[in-house]
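One is the number of the first residue; the rest follow in order along the sequence.
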Amino acid sequence: MTAEPRADATRVSLSVVIPAFNEAARLPGTLVQVTSYLTSTPWDWEVRVVDDGSTDATADAVKAVTRSDPRVVLQREPHRGKGGAVRAGMLAARAQYRFICDADLSMPIREIARFLPPVLPGTDVAIGSRELPGARRVGEPLRRHLVGRAFNRAVKLLVFDGIEDTQCGFKMFTGEAAEAVFPQATLDGWAF
């Protein structure tokens, strides 16, 4: 699968998929940041918040935004875990580029441009990393960082090598790649 590079960035259609479980407190601020940034771009876009069976007011927080911006979509799913929510959102999205973004915005949303043409043409899958030279972690608790590094090391030793930050919640797939990969995904939990 090779995506044809787009010479004109204005033709990009983008779905930003945000899996959410009990994120009512965090989502309003996240959605303001995401939609403010996307509104300043030339892209056609949607933000698809996949509510993973939350028991708090996550759905209400998203609905409040959808009333003022129909490009923000609430997709309700039964609670299966992050993997199930990501898979459902990526398969429901119909954009040319489909982007996974965690609700905590552990990567600044403005970095999304680095994953799209013309900056990154002809790429089917791009995975962000907080571990490459020059990367900085901001506001991450030390314990979370150490657990993430240990998990990533185990993945590299037991499953596959070559991805420095498998748990980074900043990933882009072309529509074709998403349609090929996500129907094959079987893990519903956080390690999808």
Side-chain angles (χ1 to χ4, degrees), residues 3 6 8-77 82-121 123 125-130 135-140 167-175 177-179 182 190 192:
R6 293 270 189 185
D8 181 1
T10 62
R11 301 193 89 110
V12 169
S13 71
L14 174 70
S15 291
V16 176
V17 174
I18 303 175
F21 178 71
N22 291 342
E23 293 281 5
R26 187 185 327 247
L27 271 174
T30 294
L31 291 173
V32 164
Q33 287 183 59
V34 171
T35 58
S36 293
Y37 170 73
L38 292 174
T39 298
S40 72
T41 70
W43 311 323
D44 293 326
W45 57 269
E46 74 166 350
V47 174
R48 179 172 292 275
V49 179
V50 184
D51 182 357
D52 183 33
S54 296
T55 57
D56 69 354
T58 293
D60 293 334
V62 177
K63 284 180 191 174
V65 177
T66 64
R67 285 192 279 277
S68 60
D69 194 335
R71 296 173 295 184
V72 176
V73 176
L74 171 63
Q75 180 178 336
R76 295 180 111 168
E77 297 289 333
K82 183 176 180 179
V86 167
R87 181 175 55 249
M90 293 296 275
L91 291 173
R94 291 290 168 243
Q96 173 186 14
Y97 295 95
R98 302 175 194 182
F99 205 85
I100 304 167
C101 174
D102 284 345
D104 67 357
L105 292 180
S106 61
M107 297 280 285
I109 194 64
R110 71 182 178 278
E111 298 297 329
I112 202 169
R114 299 172 115 192
F115 292 74
L116 301 168
V119 177
L120 193 61
T123 301
V125 178
I127 299 172
S129 178
R130 299 159 293 185
R136 290 185 318 124
R137 290 179 179 263
V138 178
E140 180 183 52
Q167 295 312 110
C168 181
F170 220 60
K171 297 175 176 72
M172 184 282 299
F173 294 77
T174 61
E179 296 294 331
F182 284 97
W190 62 274
F192 63 94

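- Annotation: salt bridge (Lys or Arg N to Asp or Glu O under 4.0 Å) contacts involving residues 15-24, sequence neighbours excluded, comprise Glu23-Arg26.
- Residues in residues 108-121 take part in these salt bridge (Lys or Arg N to Asp or Glu O under 4.0 Å) pairs, two or more places apart or across chains: Glu111-Arg114.
- Atom CH2 of Trp45 sits about 5.5 Å away from atom OG1 of Thr35, to the nearest 0.5 Å.
- Side-chain contact between Ile109 and Cys101: present, with at least one pair of heavy atoms (C-beta onward) separated by less than 4.5 Å.
- Taking both residues in full, the closest heavy atoms of Ala20 and Val49 are given as CB-CG1, 4.0 Å, listed atom of the first, atom of the second, then distance.
- The residues Arg98 and Glu46 are annotated as not salt-bridged, no charged nitrogen and carboxylate oxygen being separated by less than 4.0 angstrom.
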Chi angles and distances behind the side-chain contact (heavy atoms from CB on, under 4.5 Å) call for Val72, Val62: CA-CA 8 Å; Val72 176; Val62 177; 4.2 Å; yes
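- Shortest non-hydrogen contact noted between Val50 and Ala85 is CG1-O, 3.5 Å.
- For the pair Leu120 and Ala126, the tightest heavy-atom approach, listed with the atom from each and the gap, is CD2-CB, 3.7 Å.
- Side-chain contact check for Phe99 versus Ile112: some heavy-atom pair is nearer than 4.5 Å.
- The shortest non-hydrogen separation linking Thr123 to Val125 is CG2-O, 3.2 Å.
- Side chains of Asp69 and Leu31 form no contact here, defined as non-hydrogen atoms less than 4.5 Å apart.
- Side-chain contact between Pro108 and Tyr37 is absent, with no heavy-atom pair separated by less than 4.5 Å.
- The heavy-atom pair separating Gly89 from Arg48 by the smallest distance is O-CD, 3.6 Å.
- Between Pro70 and Thr66 there is no side-chain heavy-atom pair separated by less than 4.5 Å.
- To the nearest 0.5 Å, atom CZ of residue Arg94 and atom OG of residue Ser13 are 11.5 Å apart.
- Counting heavy atoms from C-beta outward, Asp51 and Phe21 have side chains that stay 4.5 Å or more apart.
- At least one donor-acceptor pair closer than 3.5 Å links the side chain of Gln75 to the backbone N or O of Ala88.
- Contact detail for Ala24 and Ala61: the closest heavy-atom pair is O-CB, 4.1 Å.
- Between Asp44 and Arg71 there is no salt bridge, since no side-chain nitrogen of the basic residue lies less than 4.0 Å from a carboxylate oxygen of the acidic one.
- For the pair Ile127 and Phe115, the minimum side-chain heavy-atom distance is 4.5 Å or more.
- The aromatic ring centroids of Phe173 and Phe182 lie less than 6.0 Å from each other.
- One finds the CG atom of Leu27 at 6.0 Å from the OG1 atom of Thr58 (value rounded to the nearest 0.5 Å).
- Side chains of Leu14 and Leu38 form a contact here, defined as non-hydrogen atoms less than 4.5 Å apart.
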